[in-house]
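Numbers restart at 1 for each chain; the letters A, B, ... are given by sequence-line order, proteins then strands.
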Amino acid sequence: ISTLILAEHESGSIKPQTVSTVVAANQLGESSSVSLLLAGSGSSLQEAASQAASCHPSVSEVLVADSDRFEYPLAEPWAKLVDFVRQQRGDYSHILASSSSFGKNILPRVAALLDVSPVTDVVKILGPNEFIRPIYAGNALCRVRYTGPGPCVLTIRTTSFPVTPVTESKKATISQIDLSNFKEEFVSRSRYVGQSTQDTERPDLGSARVVVTGGRALKSVENFKLIENLAEKLGGAVGATRAAVDAGYVPNDLQVGQTGKIVAPELYMAFGVSGAIQHLAGIKDSKVIVAVNKDADAPIFQVADYGLVGDLFEVIPELLEKLPEKK
Amino acid sequence: MKILVAVKRVVDYAVKIRVKPDKTGVDTQNVKMSMNPFCEIALEEALRIKEAGFAKEVVAVSIGPSQCVDTLRTGLAMGADRAIHVEASSSFLPLSIAKILKSLADVENPGLIFLGKQAIDDDCNQTGQMVAALLGWPQATFASKVVLDKDKKFATVDREVDGGLETLSIDLPAVITTDLRLNQPRYATLPNIMKAKSKPIKKMTLEDLKVDIKSDIEIVEVTEPPKRKSGVIVSSVDELIDKLKNEAHVV
């Protein structure tokens with residue numbers, strides 16, 4: 001088993017979801033070799049590559065594709081690059097990326113170039129070619145077997161493959177990919193224009209230890225500050241239901257649920273959230289779920305470890321007052 | 001310019017699905033079926049582009065069993081000009097669907113292909129990316145805003161990515177997959193539903209399109225996810241904090 005992982009990196013460091021993907025690659029079978037492919041340009045790429053080399057002891061090599069063409073993660077040249085590396089470096093049995101917006105955008109395109117069916121959103125690996133993935137918004141689990149002759153292309157739901165701290169330190173070799181034969185018919189047919197990101201001191205929603213979420217019951221942007229204050233106090237991230245996002249209380253990248261972010265924190269606190277199936281699909285792997293809602297019949301209480309029937313406008317201030325300061 | 005929109009017939013989003021006792025799949029007998037919500041958004045966007053004068057024709061395509069005609073009628077009632085139904089088994093993998101769409105695009109020569117970012121049954125999120133790859137066209141997935149330039153040479157698309165929005169500019173022809181907040185799809189009015197009855201739906205077969213269907217993924221079984229057992233109802237904030245501290249050890 002030899003795996004190629006399309007890595008994600010930012011400002012000179014490898015993203016945690018890529019390390020989770022390495023963890024997943026390890027579960028494909030014994031004696032697997034894991035190659036990380038980093039594309040980008042300039043010094044931050046080289047910095048990320050050197051960090052990637054020691055991000056996990058099972059990484060055997062780091063491949064670096066350094067070119068202006070990879071300055072931004074455009075699907076067209078990146079999918080082509082994966083195919084190029086595969087042809088140059090020998091056949092990989094598996095090609096992986098995380099199920100982030102990056103991986104979901106690029107890997108199906110790679111699979112079509114290779115004429116293979118990808119398996120997206122893998123939550124469990126049962127063998128080199130057998131996987132479990134959720135369907136119907138997580139209301140059913142589908143066990144699939146890949147039977148094709150080509151490489152098996154997977155995207156990994158990273159919350160299902162937590163990274164455990166490793167003490168062993170090992171540095172993988174870093175090699176630069178020779179791109180002189182890399183033909184790219186997409187030059188300038190797809191252009192990066194810009195990105196708007198929410199600048200925040202808070203931890204990332206996808207990997208936060210604590211997530212505090214508000215629903216439509218918050219009623220306004222101003223009231224949503226209560227959720228933010230509580231998240232701050234707990235050192236957690238802020239989430240929202242689709243209803244709260246649609247009502248304009250918070251930007252859409254805070255949406256938790258099947259069509260938004262899938263989270264699996266140690267503590268998930270939901271305020272004024274009724275518990276639509278779409279939302280529950282995005283939180284059910286949380287370790288502890290707390291729900292506060294005025295409506296004692298809200299479906300969220302059926303999945304909550306601790307429920308409190310009450311008015312969030314009274315409960316949150318009381319929590320803010322009585323909860324211990326974060327460590 | 002012509003716009004091709006792929007629409008999928010799926011179990012209605014409001015239906016609580018049941019896994020079949022023999023674990024072969026999800027029960028779709030006597031269950032309400034509808035157009036996949038992401039596909040409705042894709043069709044709505046195509047119609048708005050046409051109404052803004054950027055496109056001449058919107059063609060809806062559905063691939064699957066004969067009942068897909070109902071889904072196409074819905075699309076025609078929303079405002080699509082005509083429809084194509086490719087008769088096929090419902091178990092096709094996204095790669096095969098992408099090949100069928102590619103083959104249709106070769107015949108129809110659209111300037112844009114719109115698809116929903118994923119179907120709410122298999123949640124694959126693959127077909128759009130794969131059609132773009134097979135055609136060798138640029139792609140913009142998870143679109144929340146689409147603006148065409150006046151000469152219809154390129155589209156500027158805002159994409160919903162982790163941590164914010166990304167803006168791309170892609171040359172046409174191109175493939176765009178739609179995310180939830182792109183628009184609010186219209187309801188078909190009664191007069192339009194009546195009018196849709198006389199709009200043409202062309203039937204095509206796999207032989208017509210010369211597509212080689214591949215099945216390299218086998219479904220072993222479909223099961224229900226483990227149920228989270230419900231916990232306890234606490235009566236006060238003090239009790240809640242006590243449980244979180246001393247029982248769950250999370251604060």
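Between the side chain of B:Arg9 and the backbone N or O of B:Pro65, no donor-acceptor pair lies under 3.5 Å. Within the 3.5 Å criterion, the main-chain N or O of A:Lys104 finds a donor-acceptor partner in the side chain of B:Gln129. In this structure a side-chain-to-backbone donor-acceptor pair under 3.5 Å is present from A:Thr18 to A:Glu8. Of the possible donor and acceptor atoms, none in the side chain of A:Arg209 sits under 3.5 Å from a partner among the backbone N and O of A:Leu234.
Of the atoms belonging to B:Lys243, heavy atoms from both backbone and side chain fall under 4.5 Å from chain A. Using a 4.5 Å cut-off between heavy atoms, A:Phe301 touches chain B through backbone and side chain atoms alike. Looking at B:Ser144, there are no atoms closer than 4.5 Å to chain A (heavy atoms on both sides), in backbone or side chain. For B:Ser96, no part lies under 4.5 angstrom from a heavy atom of chain A. Using a 4.5 Å cut-off between heavy atoms, B:Thr177 does not touch chain A at all. Proximity to chain A (any heavy atom under 4.5 Å) is restricted, for B:Val26, to the side chain, taken from C-beta onward. Neither the backbone nor the side chain of B:Ala98 comes within contact range of chain A; no heavy atoms are under 4.5 Å apart. With a 4.5 angstrom heavy-atom cutoff, B:Val11 touches chain A only via side-chain atoms. Proximity to chain A is limited to the side chain of B:Val19, based on heavy atoms less than 4.5 angstrom apart. Contacts of A:Leu74 with chain B are made by side-chain atoms alone, with heavy-atom separations under 4.5 Å and no backbone atom involved. Contact of B:Ile241 with chain A is made through the side chain alone, with heavy-atom distances under 4.5 Å. Interface remark: A:Glu130 contributes side-chain atoms only to the contact with chain B (heavy atom separation under 4.5 Å). For chain A, no part of B:Lys227 is nearby; none of its heavy atoms comes within less than 4.5 Å. Proximity to chain A (any heavy atom under 4.5 Å) is shown, for B:Pro225, by both the backbone and the side chain. Both the backbone and the side chain of B:Ile233 come within less than 4.5 Å of a heavy atom in chain A. With a threshold of 4.5 angstrom between heavy atoms, B:Leu240 approaches chain A through side-chain atoms but not through N, CA, C or O. At a 4.5 Å heavy-atom cutoff, the contact between B:Leu168 and chain A is made by backbone and side-chain atoms alike. Interface remark: A:Val245 contributes side-chain atoms only to the contact with chain B (heavy atom separation under 4.5 Å).
Checked by atom type, the side-chain pair A:Ser190/A:Glu76 shows a donor-acceptor distance below 3.5 Å. B:Asp216 and A:Thr147 share no donor-acceptor pair across their side chains, judged by distance under 3.5 Å alone. Under the 3.5 Å distance criterion, with hydrogens and angles disregarded, a donor-acceptor pair is assigned to the side chains of B:Thr24 and B:Asp22. Side chains of A:Gln195 and A:Tyr72: a donor-acceptor N/O pair is absent below 3.5 angstrom, by distance only. Between the side chains of B:Gln126 and A:Thr120, a donor-acceptor pair is found at a separation under 3.5 Å. No hydrogens or angles considered: nothing links the side chains of A:Arg242 and A:Gln278 as a donor-acceptor pair under 3.5 Å.
Here the side chains of A:Asp246 and B:Arg181 are in contact, with some heavy-atom distance below 4.5 Å. Using a 4.5 Å heavy-atom threshold, the side chains of A:Asp253 and B:Asp162 count as separate.
Between chain A and the options B:Val234, B:Leu244, B:Asp179, the largest number of non-hydrogen pairs under 4.5 Å is found for B:Val234. Note on A:Thr155, A:Ile132, A:Val116: by heavy-atom pairs under 4.5 Å with chain B, the leading option is A:Val116. The most heavy-atom pairs under 4.5 Å with chain B, out of A:Gly148, A:Gly194, A:Ala276, come from A:Gly194. When each of A:Pro149, A:Ala79, A:Pro118, A:Pro134 is scored by its heavy-atom pairs under 4.5 Å with chain B, the top score falls to A:Pro118. Among B:Thr223, B:Val131, B:Ile120, B:Val10, the residue making the largest number of heavy-atom pairs under 4.5 Å with chain A is B:Thr223. Options A:Val144, A:Val119, A:Leu308 differ in how many heavy-atom pairs under 4.5 Å they form with chain B, and the most are formed by A:Leu308. In terms of heavy-atom pairs under 4.5 angstrom with chain A, the leader among B:Asp121, B:Leu172, B:Thr141 is B:Asp121. Most heavy-atom pairs under 4.5 Å with chain A, from the set B:Arg159, B:Lys23, B:Lys16, B:Glu224: that is B:Arg159. Most heavy-atom pairs under 4.5 Å with chain B, from the set A:Ala291, A:Ala296, A:Gly150, A:Ser286: that is A:Ser286. Among A:Gly310, A:Ala111, A:Pro108, A:Gly138, the residue with the largest count of heavy-atom pairs under 4.5 Å with chain B is A:Pro108. Looking only at heavy-atom pairs under 4.5 Å with chain A, the residue among B:Leu134, B:Asp238, B:Asp158 that has the most is B:Asp238. Comparing B:Glu166, B:Gln139, B:Lys117 by how many heavy-atom pairs each has under 4.5 Å with chain A, the most go to B:Gln139.
In this structure, B:Lys214 places its NZ atom where more than 12 heavy-atom neighbours from other residues, nucleotides or ligands lie under 6.0 Å away. The number of heavy atoms from other shown groups lying within 6.0 Å of CG (A:Leu114) is above 12. Annotation for B:Tyr13: atom OH does not count as buried by contact number, only 12 or fewer foreign heavy atoms lying within 6.0 Å. Applying the 6.0 Å contact sphere to CD of B:Glu239 captures more than 12 heavy atoms from other residues, nucleotides or ligands.
Of the inter-residue distances, the one linking B:Trp137 atom CH2 with A:Arg189 atom CZ reads 9.5 Å to the nearest 0.5 angstrom. With rounding to the nearest 0.5 Å, the separation of CG in A:Leu323 from CG in A:Leu230 is 6.5 Å. Atom CG of residue B:Asp12 and atom CE of residue B:Met35 lie 12.0 Å apart, to the nearest 0.5 angstrom.
Within residues 102-111 of chain B, no residue has any heavy atom less than 4.5 Å from a heavy atom of chain A.
Taking the six-membered ring where tryptophan is involved, the planes of A:Phe102 and A:Trp78 are perpendicular, since the angle between them exceeds 60° and thus also 30°.
Screening B:Arg48, B:Lys145, B:Glu45 against B:Asn183 for a side chain to side chain donor-acceptor pair (under 3.5 Å) leaves a single residue, B:Glu45.
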